[in-house]
Number of protein chains: 2
Amino acid sequence: MSNLANNIESYIKCLLNASPNAAILLQRKELAERFQCVPSQINYVLSTRFTPERGYLVESRRGGGGYLRIRRLDLNRDKVVQLLEMLRGLVEDGISFQEAIDFVGRLTDARIVTRREGQLIKAAVCQDARQMEEEFLRSTRAIMLARMLEILLQDS
Amino acid sequence: MSNLANNIESYIKCLLNASPNAAILLQRKELAERFQCVPSQINYVLSTRFTPERGYLVESRRGGGGYLRIRRLDLNRDKVVQLLEMLRGLVEDGISFQEAIDFVGRLTDARIVTRREGQLIKAAVCQDARQMEEEFLRSTRAIMLARMLEILLQDS
DNA sequence: TCTTATCTGACCTTATCTGACCATAGTTCC
DNA sequence: GGAACTATGGTCAGATAAGGTCAGATAAGA
């Protein structure tokens, strides 16, 4: 269903797509006015949708002439390989379910995996807890994700 | 034999039939109001009638702008029906690693999944034992496989 | 009567949205 | 240069708007 947050999110993404370098500069107040909401609603959207985990970078500046700069960091294959390295190294820390979901989102956005493949990965990674501890789950998830990524990166 | 649950069930099925892609998006509260019952009655109907075993998928989201999305899986193809049969047994008995591998082989042979997708599934399913017991692994594997199959059965 | 299916309501969790108050960066005026 | 003013953006608690769960009451069948 379409709520304010979703609308603002799509609007920003649309602007980002239209931008040649996947970066936009805008004002919080203006955006809030366009959607007829309080300015802090913009912060809500930014903090829930445009997170680093999802591949976005937000900078801002207060005061007169203040602004918001939103950038989308696109993953390329090399970056994924790097991330994979990290992931393998960090098997102890593991990865949360949400982090995994966000990561897969980035992969699909960057066309590194298809939508269907992305869903497949998510399905695999979303194991239900049952008697397992979160500690253990995190690490299992990381291992599995790493293995799946390896497969996807090696061919094609 | 027309009770509330049955009426709600038919109503939803009717909407699904009218939908071009066999998927609908609605609100629990609204539906409850239409049938003048408590919202939780909707959950009852969903959990007894629109189960994966019966070929449906239900997603939902809470909060402002929350929704229920109900999808009917395309069960026309014989192959899919067969898969569902297999899937049903799967979760109870669990599945060994080799069985899983073989199963995926059949899926690729039948062109239900691509080679790449098949590898992905295998990668996910081949979890290393570590401290887990085989009994537990079998069931974890089965559940995961079932979840992935569910995804694949969705009309991409 | 006994069992199973329905149905309800109280209580819980999550997502969204607002407004009051805070922090920072220019601008103006002395 | 500094004080006062103005223009932004940031934070956070609390209100609002959904959907989820579960125990227990009720109804329908066997």
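Chain A is the first sequence line, chain B the second, and so forth, proteins listed ahead of strands; every chain is numbered from 1. This one's a predicted model, so the numbers in the text were calculated from it and none came from an experiment.
Here the C1' atom of nucleotide D/dG29 and the CG atom of B/N3 are 13 Å apart, to the nearest Å. Distance, B/N6 CG to D/dA27 P: 17 Å, rounded to whole Å. The CD1 atom of B/I70 sits 11 Å away from the P atom of D/dG19 (whole-angstrom rounding). Distance B/E33 CD to D/dG19 P: 10 Å, rounded to the nearest Å. Following rounding to the nearest Å, A/Q41 (CD) and D/dC12 (P) show an atom-to-atom distance of 17 Å.
At the phosphate of C/dT6, OP1 or OP2 sits under 4.0 Å from a side-chain N or O atom of B/Y44.
Between B/R34 and B/E30 there is no salt bridge, since none of the side-chain N atoms of the basic residue sits less than 4.0 Å from a carboxylate O of the acidic one. Ion pairing between a basic and an acidic side chain is recognised when a charged N comes within 4.0 Å of a carboxylate O; A/R72 and A/D74 show such pairing.
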Name the pairs: protein N/O against N/O of nucleotides 7-11 of chain D, kept only if under 3.5 Å.
unit_1 : atom_1 : unit_2 : atom_2 : d
D/dT8  : O4'    : A/G63  : O      : 3.0
D/dT8  : O2     : A/G63  : N      : 2.8
D/dG9  : OP1    : A/R28  : N      : 2.9
D/dG9  : OP2    : A/K29  : N      : 3.0
D/dG9  : N2     : A/R62  : NH1    : 3.2
D/dG10 : OP1    : A/S60  : OG     : 2.8
D/dG10 : OP2    : A/N43  : ND2    : 2.8
D/dG10 : O4'    : A/R62  : NH2    : 2.8
D/dG10 : N7     : A/R28  : NH1    : 3.0
D/dG10 : N7     : A/R28  : NH2    : 3.1

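Side chains of A/S19 and A/N21: a donor on one and an acceptor on the other come within 3.5 Å.
In this structure B/R69 satisfies the salt bridge (Lys or Arg N to Asp or Glu O under 4.0 Å) test together with B/E59, sequence neighbours excluded. Listed by chain and number, the residues in a ring-ring contact (aromatic ring centres under 6.0 Å, His included) with B/F50 are B/Y56 (sequence neighbours excluded).
Residue whose closest nucleotide on DNA chain C sits further toward the 5' end, between B/Q36 and A/Q36: B/Q36.
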Item to complete: Determine, stepwise, if the pair B/I12 / B/L31 fulfils side chain to side chain contact (heavy atoms under 4.5 Å, CB included).
Response: CA-CA 9 Å; B/I12 292 176; B/L31 194 52; 4.2 Å; yes
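Nearest nucleotide to the A/V38 side chain, out of C/dG19, C/dC17, C/dT16: C/dG19.
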